[in-house]
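What follows is a single structure, written as structure tokens, with notes after it.
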Amino acid sequence: MYKSFSPDEDNESGFIAPAMIPVFAYAFREALIGMTVVNQQGDILEVNEVLCRMLGYTRQELLGMNKDDIVYAAVGTEDWVSRWKELAETQRLQMEKRFRHKDGHWVWAMLNVSLLPVTDDSYVYYVQLQDLTGRKAMEEKLERSRQELGPLFEYNPDIVCIVDMQGHIVSINSTMRQVTGYETGELAGHHCQRFIYPEDLETAAELFEAAKSGRTRTGEFNVSRKDGSWITVEVNTLPIQVGSRVEGIYAIAKDVTRRRETEERMRTSEKLSAVGQLAAGVAHEIRNPLTALKGFTQFLQSGAEGKQEYYEIMMSELNRIDLILSELLMLAKPKASEFAWLNPELVIRHVLALLEAQAILKNVEFLTNVDGSLSGMMGAENQLKQLFVNLLKNAIEAMPDGGIITIRLQEQADKRICFAIADQGNGIPEDLIDKIGVPFYTTKDQGSGLGMMVSRKIVEEHKGTLQIESVMGEGTTVYVRLPINRESGEMEGKRK
């Protein structure tokens, strides 16, 4: 009959060829899963060390047991004895089963049983057990989570969608069904990109890739409704983690269509308000010189003498009208063809050359400081020159008694060039800084307020930022930060 094949005992066996006994014994002993041999009566004939550790028994303790001593057989479950008998016909048996640990708790294992013939009419069972306790505990935890979170998923006031790792829709909640008009069966199994606006696919892909790598991300894109219309949703993507692995993605979204429409109407309203304010200012600024011109024209028509003086005043008023209209034209958006790669330091040098004579007359000195080597940048040269002329003229006029204007250029880590223009004037009161750039608001006797408005517009068209810092009695510094590549600045603005 059966004899043990353990290396410290008799190696003769009735069911294994003598030449294979050492190989079988080594494989049995060194296997990474639990191994045992059981006879037809269920008596345990041999076990390996892994199984001993799995169940907490010594080899000698297990060899004196029957399989029924350690197999869980709850009332009302499948007939364990019946399944065991069926093995004689099927030759193999695989199932998940619980086994009693020595300390009393139950160990889940995947049970694989094969028949090994001993004689023509007898056999033993060759059994492999793979420990599933950890996986079962995780499955139970997930099931509890599903039961607890089920109502939260289904009745969440936000749109909730579960997507698998390939991007296919698995399930949607009642809010998504209500908002989109689709039923679960109409979406399940379809790739989510089918319902995302084509131009937003890149944004959506970034969100889902972040979730697949275990990170959360928020973004906004448009999705289709069943009736063919589109809605804008603000989406948070979260990874669904099982242990340390990401097994799927939660997409939690809010319908922000109405909010975006409201914001657009507000922007339109603000634009109309700004246009009205600008129109009122233009009318006021131009009416004054026109009134003077009209009066002098009537005066000349009456035959007044000393006409030369009148002509000079009239020309001065006409020049003022021309200046206002020129600055207004500067608000026009630069054409794409006007943008080209520029040397930022060279642009500043050209502007300083233009203003050098005026600076000398005002007893102003320019000091230029360039931090390291600068990259080239994309810009509209004439627009940028106008920008820096405006800023430097303001700095000169802020120092009626002369002084030093420092111009510093620096390439920043975020791929922007920072232009800092610092004067030594009296400074600007803090409550007035926010008003700078408002049409026709100025602290100068002869100013129109359009210069800073034009400057801000130029910076905006270059996707940059303009910041003013001032200390009363010490001076003012204007920081202009422009992206090296205008397109990258535009993308950064969209992300913000």
Side-chain angles (χ1 to χ4, degrees), residues 330-360 362 364-399 403-425 427-428 433 436-437 451-471 474-496:
M330 284 294 296
L331 294 174
K333 183 176 181 180
K335 299 178 182 177
S337 59
E338 294 177 2
F339 283 83
W341 284 103
L342 307 171
N343 182 331
E345 182 178 356
L346 195 58
V347 171
I348 289 294
R349 299 290 183 193
H350 286 171
V351 172
L352 294 179
L354 290 173
L355 297 176
E356 185 176 7
Q358 182 179 352
I360 293 173
K362 298 289 186 177
V364 171
E365 180 182 358
F366 292 132
L367 290 182
T368 305
N369 184 359
V370 180
D371 290 356
S373 59
L374 301 177
S375 301
M377 62 172 289
M378 183 67 75
E381 184 173 3
N382 289 336
Q383 298 284 325
L384 292 179
K385 286 182 178 179
Q386 180 64 47
L387 165 66
F388 294 119
V389 165
N390 289 349
L391 298 180
L392 287 168
K393 283 177 66 177
N394 286 345
I396 292 172
E397 293 169 0
M399 300 187 298
I404 298 174
I405 296 176
T406 304
I407 304 99
R408 181 180 179 184
L409 282 71
Q410 180 184 32
E411 184 170 340
Q412 299 181 323
D414 59 354
K415 300 298 183 183
R416 290 173 179 261
I417 305 293
C418 178
F419 302 81
I421 299 174
D423 63 50
Q424 297 177 329
I428 305 170
I433 290 180
I436 294 176
M452 282 304 297
M453 182 181 179
V454 169
S455 298
R456 288 189 182 276
K457 180 67 174 178
I458 293 172
V459 172
E460 179 184 329
E461 292 299 332
H462 284 75
K463 308 303 175 185
T465 61
L466 188 149
Q467 177 186 0
I468 300 173
E469 294 182 358
S470 187
V471 178
E474 296 183 14
T476 301
T477 303
V478 179
Y479 296 93
V480 176
R481 297 178 177 88
L482 302 176
I484 291 174
N485 188 324
R486 182 170 176 265
E487 285 71 23
S488 65
E490 184 172 3
M491 291 302 296
E492 182 67 22
K494 286 182 179 180
R495 283 194 288 270
K496 292 180 179 178

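In this chain, numbering begins with 1 at the start of the sequence shown.
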Full working for salt bridge (Lys or Arg N to Asp or Glu O under 4.0 Å) between E397 and K393: CA-CA 6 Å; E397 293 169 0; K393 283 177 66 177; 5.2 Å; no
Rounded distance [0.5 Å steps], NE2 in H350 versus NZ in K385: 5.5 Å
Atom pair CG/CG of L374 and L346 - distance to nearest 0.5 Å: 11.5 Å
Minimal non-hydrogen separation, R481 against Q467, with atom names: NH1-OE1, 3.0 Å
Closest approach of P344 to M377 (non-hydrogen atoms, all atoms of both residues): CB-SD, 4.0 Å
Distance in Å, I484 CD1 paired with W341 CH2, rounded so as to fall on 0.5 Å steps: 7.0 Å
Spacing of CD belonging to E411 relative to CZ belonging to R416, to within rounding of 0.5 Å: 12.5 Å
Over all atoms of both residues, closest heavy-atom pair of I421 and A395: CG2-CB, 4.5 Å
Closest contact, heavy atoms only, I396 versus F366: CD1-CZ, 3.9 Å
Closest heavy-atom pair and its distance - D423, A398: OD2-CB, 4.0 Å
R456 vs E460 side-chain heavy atoms within contact, under 4.5 Å: no
Where at least one partner belongs to residues 365-377, residue pairs that pass salt bridge (Lys or Arg N to Asp or Glu O under 4.0 Å), sequence neighbours excluded: D371-R408
Heavy-atom pair with the smallest gap, counting every atom of A420 and T477: CB-CG2, 4.4 Å
Within residues 340-349 or reaching into it, pairs that qualify as salt bridge (Lys or Arg N to Asp or Glu O under 4.0 Å) - sequence neighbours excluded: E345-R349
Matching residue for I407 among N369, L367, L352 - test: side-chain contact (heavy atoms from CB on, under 4.5 Å): L352
Pair Q386, N390: side-chain N/O donor-acceptor within cut-off below 3.5 Å: yes
Side-chain donor/acceptor of Q410 to backbone N/O of C418, under 3.5 Å: no
NZ/K362: more than 12 non-hydrogen atoms of other groups inside 6.0 Å: no
Side chain to side chain, L482 and L384, heavy atoms closer than 4.5 Å: yes
Euclidean distance, N382 CG relative to L387 CG, rounded to 0.5 Å: 12.5 Å
Point-to-point distance, once rounded to the nearest 0.5 Å, from OG1 of T476 to CE of M399: 10.0 Å
